[in-house]
Each structure stands twice: as structure tokens, then as C-alpha cells.
Visitor: 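Next up is a structure, given as C-alpha cells.
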Amino acid sequence: MNESVQRYQFFDQHPEVADFRADIIQGLSAAKPYILPKYFYDETGSRIFEDICNCTEYYPTRTEVSIIRDNIDEIVETLGKDCLLIEPGSGDSYKVRLLLDALRPVAYLPIDISKRYLQGEAQKLAAEFTWLNVHAICADFTGKLRLPYHVQSTNKAAFFPGSTIGNFVPEQAVKVLEEIKMMVGDDGGLLIGVDLQKDPRILSAAYNDRTGFTSQFNKNLLVRINRELNANFNVDQFQHHAFYNEDEYRIEMHLVSMQDQQVTIDGQCLSFEKGQSIVTEYSHKYSVTNFQKLAEQAGFNIIKTWLDDDQLFSVHYLA
Ligand code: AVJ
């Protein structure tokens with residue numbers, strides 16, 4: 001084996017197609033139809049998400065990046081050198097690049113549900129950081145989080161940026177944090193990005209970008225279901241709808257049926273009435289104190305919180 005082969009390893013813990021089919025049929029047959037947001041991220045969805053992150057209206061990515069850049073020394077000092085750095089839902093591993101040179105982790109473990117995309121991105125990263133061990137894990141981090149090998153006496157740190165935690169309703173969010181806590185162990189920590197409550201107009205614009213990336217991202221769910229589950233959604237007969245629900249402090253994304261219609265998924269027939277909607281994503285927004293309470297419920301202590309000047313976004317270190 002040459003050196004680069006050893007530095008890059010891939011572990012497949014991929015969920016079965018059967019889970020996807022069962023989840024979709026169960027969700028769409030419910031009284032309030034839904035599709036779980038983790039299914040956004042096939043290869044196309046992951047790429048459209050990159051476009052969203054780069055668009056003007058979507059402030060979270062650039063704001064979080066600026067918070068990390070502005071506080072990099074303190075962040076690195078807090079995380080500690082020589083850690084095992086684990087990123088659930090790593091996507092394009094863009095933000096971790098800000099940390100790597102200064103942090104010099106023993107290994108970087110990106111975890112993502114999108115297999116081919118993860119392989120491509122993780123290999124690119126390993127080529128770029130010629131000293132870095134990259135152990136990519138294809139898995140659904142909303143299941144049991146398990147590392148592919150036993151790690152002893154290494155300081156483990158999880159990196160969970162982008163406000164991915166916002167996808168979960170608060171009770172589930174506590175469980176996700178608990179899973180991460182188990183994974184990093186008693187001496188471990190978590191660097192997490194959390195989007196903040198703000199003027200609903202800013203929030204609404206971020207999920208209704210003018211170019212239509214978010215709409216495309218939302219509808220790609222149906223394209224994916226058609227392709228992978230032998231279904232016949234008429235994608236043009238569903239409309240992207242995203243709004244801020246002020247009572248629940250969350251953005252809600254829906255796909256609204258524009259007419260009465262029937263859809264067959266793997267031989268199963270489902271009907272949608274005109275105006276009926278499918279919930280595809282919640283994106284909860286927190287105040288700093290509310291998020292801190294949530295973290296404490298999961299058994300974490302808040303060590304440090306960093307904000308941008310406009311207080312649009314927050315980054316926390318929990319231990
Ligand atoms: C990756 C879940 C944090 O909720 O803002 C972006 C996903 N959806 N635009 C978010 C998303 C629509 C994003 N998260």
C-alpha cells in the first residue's frame with residue numbers, strides 16, 4: 001500500500017434502499033404527509049445544497065465561516081491539538097478546511113449519507129491536505145452513531161456546523177446531541193453551529209432565493225423518489241413553499257400539490273388533494289439561551305459561544 005492509500009479509508013455503513021422506500025411510503029401516507037430531510041442529500045441534492053450555500057440570500061454559510069475565521073485561534077485552543085475530528089453530515093467538507101491546518105487532528109472522520117458524493121469530497125480533501133488521515137464513513141447519523149474502529153485515549157471532537165441541528169424538533173435535537181456526546185465520550189467536545197432567531201424577512205428570503213436553488217433542492221426529492229423508487233410524481237405539479245412559523249421558531253419547507261393528483265410509488269397508489277402539502281424540512285432557529293438550555297438537557301456544558309457582529313449565527317463549544 002502506498003502512503004496515500006493508507007491515509008484515505010472508506011467505511012460503508014449505508015442504510016438500505018428498503019429503509020428509504022419504507023420511510024417515504026410511511027411519511028407520505030401519514031395524516032400530515034412528510035418526507036425526512038435527510039433524503040435531500042443524494043448526489044444531485046448535495047450539489048444543489050452547495051449552490052444554496054453560495055447564494056446571496058442564504059446568510060448562514062458565510063456568517064458561520066466568518067465567525068470561525070475571526071475566532072480561529074481561540075477555537076483551535078479550545079478543541080485542543082491532536083484530536084480525532086468527527087463531522088456528522090460533512091457534505092463538501094468546506095468549513096472543516098478552515099480548522100485543519102491550525103488544528104492538525106490525528107484523523108478527520110467525515111460522516112455523510114451520500115455515498116458517492118462523500119467519497120469524492122473526502123478523497124479531494126485527502127489529496128489537498130497531504131499530511132491528513134481521512135477516514136470517511138458513509139452512514140445515517142440520525143441512527144446510532146458508531147465509529148468504524150475502536151479508538152482509545154484520543155481526545156475526540158465532533159464538528160457539527162451549518163445549523164444541521166435545526167432540522168430536528170427540540171426533543172429529537174436533544175437525542176442527536178446525546179448520540180454525539182456518547183460518540184465523543186467523557187473527555188470529548190462538540191463544536192456546533194446554530195442559526196439564530198431574527199427578522200422573519202431575512203429568514204424567509206434565505207429559503208426563497210431568487211435564483212430558485214432552494215425550490216430546486218426541495219423538488220429534487222420528488223425527482224429522486226421517481227428515479228430510485230420507481231414512482232411517477234409530476235414534479236411540475238408541486239410547488240415549493242417556505243415560510244417562518246413564528247410560534248414554533250422555525251422555517252418550514254413544504255411541497256404543495258397544485259391539483260388533485262395520484263402518484264404511484266413502487267406499485268402503491270397515493271393521492272394528494274389540491275392545496276395539500278408535504279412537509280420536507282423544519283429549520284429551527286434558537287436564541288443563544290434557548291440553545292444553551294437544549295445543550296444542557298443533553299448533558300453538555302457550554303464552554304464558549306462565538307457570535308458575528310450582527311448576531312445572525314452562533315458557534316458553540318460544548319463539552
Ligand atoms: C443544512 C439543514 C442547516 O436548514 O438551513 C437550506 C438546509 N434547506 N436551505 C437549513 C437548507 C433549505 C439547511 N441545513
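For ligands, and for the atoms within them, numbers begin at 1 and follow the listed sequence.
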Visitor: Name the orientation class of the two ring planes belonging to His254 and Phe243 (parallel below 30°, tilted from 30 to 60°, perpendicular beyond 60°).
Guide: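 Parallel: the ring planes of His254 and Phe243 meet at under 30°.
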
Visitor: For Thr154 and Lys156, test the side chains for any donor-to-acceptor distance below 3.5 angstrom and give the result as yes or no.
Guide: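 Not at all, the side chains of Thr154 and Lys156 share no donor-acceptor pair under 3.5 Å.
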
Visitor: Check each atom of ligand 1 against the heavy atoms of Tyr58 and keep those under 4.0 Å away; list them by number with element.
Guide: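 The list of qualifying atoms is 5 (O), 6 (C), 9 (N), 10 (C), 13 (C).
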
Visitor: Any N or O of Ser163 that comes nearer than 3.5 Å to an N or O of ligand 1?
Guide: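 N/O-N/O distance under 3.5 Å: no.
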
Visitor: At a 4.0 Å threshold, what atoms of ligand 1 neighbour a non-hydrogen atom of Thr164?
Guide: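 Listed by number with element: 3 (C).
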
Visitor: With salt bridge (charged side-chain N to carboxylate O under 4.0 Å, His left out) as the test, would you mind laying out the steps for Asp195 and Lys198 before giving the verdict?
Guide: CA-CA 9 Å; Asp195 199 9; Lys198 59 182 64 65; 3.0 Å; yes

Visitor: Hey, what's the ring geometry for Tyr8 with Phe10, parallel, tilted or perpendicular (30° and 60° as the breaks)?
Guide: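 Rings of Tyr8 and Phe10: parallel, as their planes differ by under 30°.
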
Visitor: Counting only heavy atoms closer than 4.0 Å, does ligand 1 sit against the backbone of Phe168, its side chain, both, or neither?
Guide: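 It is neither; nothing of Phe168 touches ligand 1.
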
Visitor: Got a salt bridge between Lys38 and Asp140, using NZ or NE/NH1/NH2 to carboxylate O under 4.0 Å?
Guide: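 So Lys38 pairs with Asp140 through a salt bridge.
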
Visitor: Starting from atom 7 (C) of ligand 1, locate the nearest protein heavy atom and write down its residue, its atom name and how far away it is, to 0.1 Å.
Guide: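 Here the closest protein heavy atom is Glu281 OE2, 3.3 Å.
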
Visitor: For ligand 1, does Phe40 get within less than 4.0 Å through its side chain, its backbone, both, or neither, judged by non-hydrogen atoms?
Guide: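 For Phe40, there is no contact with ligand 1 at all, from either part.
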
Visitor: Is the closest heavy atom of Gly162 to ligand 1 under 4.0 Å?
Guide: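 The answer is yes: ligand 1 sits under 4.0 Å from a heavy atom of Gly162.
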
Visitor: Check this for me - ligand 1, Tyr207, N or O atoms closer than 3.5 angstrom, yes or no?
Guide: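 Yes, Tyr207 has an N/O under 3.5 Å of an N/O on ligand 1.
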
Visitor: Check Arg250 with Glu252, please: is the shortest side-chain N to carboxylate O separation under 4.0 Å?
Guide: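 A salt bridge is present here (some side-chain N lies under 4.0 Å from a carboxylate O).
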
Visitor: Kindly confirm or rule out an N or O of Thr214 lying under 3.5 angstrom from an N or O of ligand 1.
Guide: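 There is no such contact.
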
Visitor: List ligand 1 atoms under 4.0 Å from Ser283, heavy atoms only on the residue side.
Guide: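 By the 4.0 Å cutoff, the relevant atoms are 4 (O), 5 (O), 10 (C).
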
Visitor: Can you list the atoms of ligand 1 that are under 4.0 Å from a heavy atom of Phe217?
Guide: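 Counting from 1, the qualifying ligand atoms are 8 (N).
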
Visitor: Are Arg227 and Asp42 within salt-bridge range, i.e. N to O under 4.0 Å?
Guide: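 The answer is yes: the pair qualifies as a salt bridge.
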
Visitor: Give the numbers and elements of all ligand 1 atoms closer than 4.0 Å to a heavy atom of Phe49.
Guide: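 Checking each atom against Phe49, I get 1 (C), 6 (C), 7 (C), 11 (C), 13 (C).
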
Visitor: Pick out which of Leu191, Val194, Leu318, Leu190 makes a side chain to side chain contact (heavy atoms under 4.5 Å, CB included) with Phe160.
Guide: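 Running side chain to side chain contact (heavy atoms under 4.5 Å, CB included) over Leu191, Val194, Leu318, Leu190 with Phe160 returns exactly one hit, Leu190.
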
Visitor: Examine ligand 1 and decide if any of its atoms is less than 4.0 Å from a heavy atom belonging to Gly166.
Guide: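 Judged by the 4.0 Å heavy-atom criterion, Gly166 does not count as contacting ligand 1.
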
Visitor: Take a 6.0 Å sphere around OH of Tyr94 and say whether it holds more than 12 heavy atoms from other residues, nucleotides or ligands.
Guide: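 At most 12 heavy atoms, drawn from other residues, nucleotides or ligands, come within 6.0 Å of this atom.
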
Visitor: Are Lys124 and Glu128 ion-paired here, with the side-chain N under 4.0 Å from a carboxylate O?
Guide: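 Salt bridge: no.
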
Visitor: Would Tyr41 count as a contact of ligand 1 if the rule is a heavy atom under 4.0 Å away?
Guide: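 For ligand 1, residue contact (heavy atoms, under 4.0 Å) with Tyr41 is present.
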
Visitor: With a cut-off of 4.0 Å, which atoms of ligand 1 are near a heavy atom of Asn167?
Guide: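 Numbered from 1, ligand 1 contributes 2 (C), 4 (O).
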
